[in-house]
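All values below were derived from every heavy atom in this structure, side-chain atoms included, with hydrogens, water molecules and symmetry-related copies excluded. Chain naming here is simple, since letters A, B, ... match the order of the sequence lines and numbering starts at 1 in each.
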Number of protein chains: 2
Amino acid sequence: MTLSEEDYIKAIYHLGKGENTAVSTNAIAEQMATKPSSVTDMIKKLSEKGVANYRKYKGVSLTEYGQKIALTLVRKHRLWEVFLVNELDFSWDEVHEVAEQLEHIKSEKLVDRLDKLLGYPQVDPHGDPIPSKEGEFKKAVKKLLNDIPIGTSGICVGVKDSSAPFLKFLDKNNIALGDTISIVDKEEFDGSFMIRIKDHDLHISHQIANNLYLKITE
Amino acid sequence: MTLSEEDYIKAIYHLGKGENTAVSTNAIAEQMATKPSSVTDMIKKLSEKGVANYRKYKGVSLTEYGQKIALTLVRKHRLWEVFLVNELDFSWDEVHEVAEQLEHIKSEKLVDRLDKLLGYPQVDPHGDPIPSKEGEFKKAVKKLLNDIPIGTSGICVGVKDSSAPFLKFLDKNNIALGDTISIVDKEEFDGSFMIRIKDHDLHISHQIANNLYLKITE
DNA sequence: ACAAATATTTAGATTTGCCTAAAAATTATT
DNA sequence: AATAATTTTTAGGCAAATCTAAATATTTGT
């Protein structure tokens with residue numbers, strides 16, 4: 001696969017939300033910042049190559065083979081993201097662009113060894129699951145901390161309330177996007193939570209918990 | 001710079017042996033497994049871009065700008081080689097192909113952090129020096145162990161005698177290509193050497209020393 | 001020094017991935 | 001259901017990087 005073909009495969013995969021959904025020409029064009037006519041050209045080619053199913057005017061979906069390719073690309077992308085954050089101290093929000101390049105490197109051995117070096121991580125720095133070599137992986141969902149059962153852990157990926165006071169609270173308590181948070185206990189009485197973050201426990205109110213989004217794998 | 005342009009720059013650099021020597025069209029074509037006419041096209045383009053000096057029928061050399069690009073490519077290539085060998089347990093002879101891909105990744109931060117992770121290595125797994133960020137580096141030479149002064153260390157890169165008995169000797173004494181060897185002492189009387197390899201000392205005869213090539217940086 | 005051999009360049013085509021503009025199909029609206 | 005709006009495709013072109021074949025320079029050998 002060429003670099004460009006791989007990018008299209010990834011776009012189709014992501015627009016189809018990982019399901020085997022048909023994706024429209026326009027959607028792909030937008031995602032890839034290119035023109036619909038270019039997309040038509042490419043999806044015809046991918047179809048001839050046995051990577052995608054294409055029916056004129058009806059959109060494209062990936063074949064089983066195409067999905068396999070997409071999953072190895074996703075796997076590589078996310079493993080490199082973990083590498084960049086864990087080994088090279090990149091911050092969670094600056095890894096995407098570089099991983100976008102690294103995911104195209106062709107060497108199965110490299111990916112396997114990288115996986116090993118990183119300790120076979122299950123999720124990337126954004127909390128998204130890393131497919132196994134065989135292409136299996138759990139889905140991730142984004143939930144308010146409030147709605148997550150005791151014992152679960154996830155990665156902090158966003159806030160509902162983005163007012164200054166709330167952000168100041170997070171800062172003061174050293175909670176940042178990308179942090180791994182585990183739900184230690186929940187207080188029935190006031191709906192407050194005991195959470196574990198960066199090796200220490202922290203008590204947060206129901207209100208706080210209701211404004212923090214975590215990404216968890218089910 | 002495109003991928004292809006970078007490959008040409010590297011080829012010109014290596015064929016010119018790092019000096020600013022003019023390189024022939026045919027030599028580049030051979031090195032890059034392409035046709036001379038394709039080379040002519042590309043070196044014209046590089047010339048227009050200020051990367052190379054080209055005079056019809058007289059060959060090309062790199063401009064100062066071109067040399068700078070070549071050196072950052074060499075730096076990236078060799079740092080990745082160290083990464084593959086030291087962090088991912090690749091063997092010294094299987095890293096080239098992968099490093100050839102990795103060297104094109106565009107991220108200054110990535111290279112800097114990689115350099116740091118690896119402990120600012122001076123040479124790659126083949127004993128070739130790694131240019132600094134500023135493009136400075138010592139030259140490496142390949143010498144018989146015999147001709148290397150006490151106190152120096154280098155990397156074993158080849159043998160003069162490749163007969164079975166000699167190779168068997170190396171195997172028995174656990175000396176392999178890619179190993180770092182330091183010259184601890186030399187015996188005036190019989191020309192034998194005490195060398196240090198993989199954390200233990202080893203006594204080798206003049207004859208052995210005269211058949212082992214090390215790469216050292218001066 | 002001149003012919004033969006070799007090296008290099010030019011000219012013209014090809015492939016890949018992209019573009020614009022126009023045509024055709026689909027979907028939405030009244 | 002017919003027309004309008006939108007989406008998608010087709011047709012024709014362009015730039016990058018390559019190729020083959022032919023033309024032109026340079027170098028080598030005698």
Check the distance between [N]'s [atom2] and [X]'s [atom1] and give it to me in whole angstrom.
X	N	atom1	atom2	value
A:L3	C:dC18	CG	P	10 Å
A:E48	C:dT16	CD	P	10 Å
A:I43	D:dT7	CD1	P	15 Å
B:M42	D:dA16	CE	P	10 Å
A:K35	C:dA22	NZ	P	15 Å
A:E6	C:dT16	CD	P	16 Å
B:I28	C:dT9	CD1	C1'	14 Å
A:D41	D:dG12	CG	P	14 Å

OP1 or OP2 of [N] sitting under 4.0 Å from any side-chain N/O of [X]?
X	N	result
A:Y54	D:dT9	yes
A:S4	C:dC18	yes
A:N26	D:dT6	no
A:Y8	C:dC18	yes

Of the candidate nucleotides [options], which contains the atom at the shortest distance from the side chain of [X]?
X	options	value
B:T34	D:dC19, D:dT8, C:dT10	D:dC19
A:K44	D:dC19, D:dT10, C:dA24	D:dT10
B:S24	C:dC18, D:dT10, C:dT8	C:dT8
A:K56	D:dT18, D:dT10, C:dT8	D:dT10
A:S38	C:dC19, D:dA25, C:dT26	C:dC19

Task: More than 12 heavy atoms from other groups under 6.0 Å of NZ on B:K160 - done: yes

- [ ] Decide yes or no for A:S38 and A:Y8: does some side-chain heavy atom of the first lie under 4.5 Å from some side-chain heavy atom of the second?
- [x] yes

Task: B:H96 and B:H77, any side-chain heavy atoms less than 4.5 Å apart - done: yes

- [ ] Have a look at B:T25 and say if it touches a base, only the backbone sugar-phosphate, or nothing, with a 4.0 Å heavy-atom cut-off.
- [x] sugar-phosphate

- [ ] Could you tell me whether B:S37 contacts a base, only the sugar-phosphate backbone, or nothing, with contacts defined as non-hydrogen atoms closer than 4.0 Å?
- [x] base

Open item on the list: Strictly below 4.0 Å, N to O, side chains only: are A:K106 and A:E6 in salt-bridge contact?
Closed with: yes

Task: Pairing of B:K198 and B:D179 as salt bridge, 4.0 angstrom limit - done: yes

Task: Closest-nucleotide 5' rank along DNA chain C - winner of A:Y57 and A:A33 - done: A:A33

TODO: Measure across A:L214 and A:V157 and return the closest heavy-atom pair with its distance rounded to 0.1 Å.
DONE: C-CG2, 4.1 Å

Open item on the list: Between the base of C:dT16 and the side chain of A:T2, is there a donor and acceptor pair under 3.5 angstrom?
Closed with: no

